[in-house]
Amino acid sequence: MNISAREKAREAFVTHFGEEPQGVAFAPGRVNLIGDHVDYNDGLVLPMPLAQGTAVAWAPASQEVEAIARDASGETDSFRLSVIPGPDGSWRSYLRGMAAIMPEFGLPVPGMRLAIAGDLSRGTGLSSSASLEIALARAFAQAAGNKNPGAVAMAQAGQQTEHRYAGVQCGIMDQMASAAGISGHATLLDCRDLSVEHIALPEDWAVLIVQSNVTRGLVDGEYNLRRQQCETAAKALGLASLREAGSELVTQAALDPVVKRRARHVVEETDRTRQAAICLAAGDLSGFGAILNQSHASLRDLFEVSHPAVDSLVTDLQTLIGGRGGARMTGGGFGGAVVAVMESAALDPVIQALRQQRRAAALPCDAIIAWSGRAT
Ligand code: GLA
């Protein structure tokens with residue numbers, strides 16, 4: 001039986017601290033349906049929360065934090081809240097970062113004993129680190145008696161933790177998707193004003209995530225470089241961010257060719273996300289799928305964050321699905337996961353055919369069904 005993250009965290013707490021926790025907080029990972037590399041350009045994104053994520057079992061402690069991470073071989077951390085240590089390149093950086101930064105966003109951090117456990121693998125592009133940050137934020141909020149910590153404040157504290165404690169200059173999509181997402185719905189997030197609209201996934205659609213099994217290593221530098229190139233483009237156009245740019249402005253501007261390709265992707269991807277949200281709300285699967293396929297081509301050719309193994313997996317899925325859906329890389333890129341959307345009725349045959357193809361090529365086929373409504 002698959003034990004849930006919550007149960008694993010509770011068990012780890014009992015084993016390590018010898019008592020029952022007072023509560024267990026949970027936050028999901030996410031898959032992004034469309035809108036990649038636009039969040040840090042104030043654009044529109046459309047992620048959805050997963051059933052998988054990170055759980056934090058907790059009990060109060062006076063003025064100190066004592067933690068155990070079940071999935072990091074039971075490693076521990078402990079510190080007084082008056083002297084929070086700096087990052088150390090491990091899971092502890094997220095705990096220390098959240099404890100240090102949450103008060104800046106009006107979220108109190110009381111002393112706490114805690115056990116962390118999850119059911120998302122790191123480096124697979126499904127936001128295990130954002131789900132850890134938001135689960136910690138929820139646990140601290142519960143321990144402080146704060147019943148309604150705002151999604152935006154938790155997400156901003158998580159994003160700052162990434163910037164200042166993990167060295168990744170990420171946008172805010174992953175943290176907002178984890179903090180504000182509702183199961184069975186996509187989250188249309190406007191990264192300019194952080195407004196959110198929840199769009200229900202149609203009952204006869206399915207969302208499948210397949211791993212490319214290329215692990216994302218040493219890509220933070222590439223990610224930060226893309227962000228710089230986008231900032232260079234906005235500055236050259238005299239704009240606060242690329243969100244303010246239209247396609248024509250970018251096409252006609254005298255920009256360095258690489259910077260121009262990056263900017264074109266960003267401007268067009270935000271338009272695609274807006275269109276995709278309209279197709280989703282209208283249940284237009286063919287329209288939605290076609291936009292997903294275009295997004296992949298743009299991330300591969302203009303933003304150059306894909307990988308040959310990801311491209312061939314996307315092509316295989318697009319071919320199996322046909323016109324009734326689509327597939328694309330999802331998240332930061334350079335490996336990681338692929339997302340595919342199709343009719344619920346097509347899910348089993350597509351998974352079976354993909355498994356066969358990949359087995360014949362001696363490749364694994366790790367698939368997660370993120371959503372499957374009623375097969376008609
Ligand atoms: C990573 C970052 C996000 C976002 C995506 C790409 O997941 O954490 O902020 O930029 O890449 O869309």
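Just so you know, ligand 1 is whichever comes first in the structure, and atom 1 is the first atom listed for that ligand. We're numbering straight along the sequence, starting at 1. Just so it is clear, the structure is predicted and the values come from calculations on it, not from any experiment.
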- Side chain of Gln52, backbone of Gly29: donor and acceptor closer than 3.5 Å? no
- Task: Compute the shortest N/O to N/O distance between Asp36 and ligand 1 and return yes if it is under 3.5 Å, no if not.
- Result: yes
- Taking 4.0 angstrom as the limit, do Arg243 and Asp190 come out as a salt bridge? yes
- Counting both backbone and side chain atoms, is some N or O of Gly171 under 3.5 Å from an N or O of ligand 1? yes
- Message: So, regarding Arg30 and ligand 1 (criterion: nitrogen or oxygen to nitrogen or oxygen, under 3.5 Å), is there a contact or not?
- Response: yes
- Task: For atom 7 (O) of ligand 1, state which one of Asp174, Ile172, Asn41 supplies the nearest heavy atom.
- Result: Asp174
- Heavy atom under 4.0 Å from ligand 1: found in Asp39's side chain, backbone, both, or neither? side chain
- Item | By salt bridge (charged side-chain N to carboxylate O under 4.0 Å, His left out) - contacts of Arg164 (at least two apart) | Glu104
- Query: Hey, any chance Leu50 and Ile134 share a hydrophobic cluster, counting ILVMFWY side chains that come within less than 4.5 Å of each other, even indirectly?
  - Reply: no
- Query: What atoms of ligand 1 come within less than 4.0 Å of a heavy atom belonging to Met173?
  - Reply: 4 (C), 5 (C), 12 (O)
- Mode of Arg226 contact toward ligand 1 - side chain, backbone, both, neither (heavy atoms, under 4.0 Å): neither
- Item | Subset of ligand 1 atoms that lie under 4.0 Å from at least one heavy atom of Tyr223 | 1 (C), 2 (C), 3 (C), 4 (C), 9 (O), 10 (O), 11 (O)
- Task: Could you establish whether Gln169 and ligand 1 come within less than 4.0 Å of each other, counting only heavy atoms on the residue side?
- Result: no
- Task: Please work out whether the ring planes of His37 and Tyr223 are parallel, tilted or perpendicular, with thresholds of 30° and 60°.
- Result: tilted
- Using a strict cut-off of less than 4.0 Å between a Lys/Arg side-chain nitrogen and an Asp/Glu carboxylate oxygen, indicate whether Glu231 and Arg227 qualify as a salt bridge. yes
- Under 4.0 Å from one or more heavy atoms of Cys170, ligand 1 contributes atoms 2 (C), 8 (O), 9 (O)
- Heavy-atom contacts with Tyr40 under 4.0 Å: which atoms of ligand 1 show up? List them by number with element. 10 (O)
- Item | side chain to side chain donor-acceptor pair (under 3.5 Å) contacts in which one or both residues fall within residues 148-158, not counting sequence neighbours | none
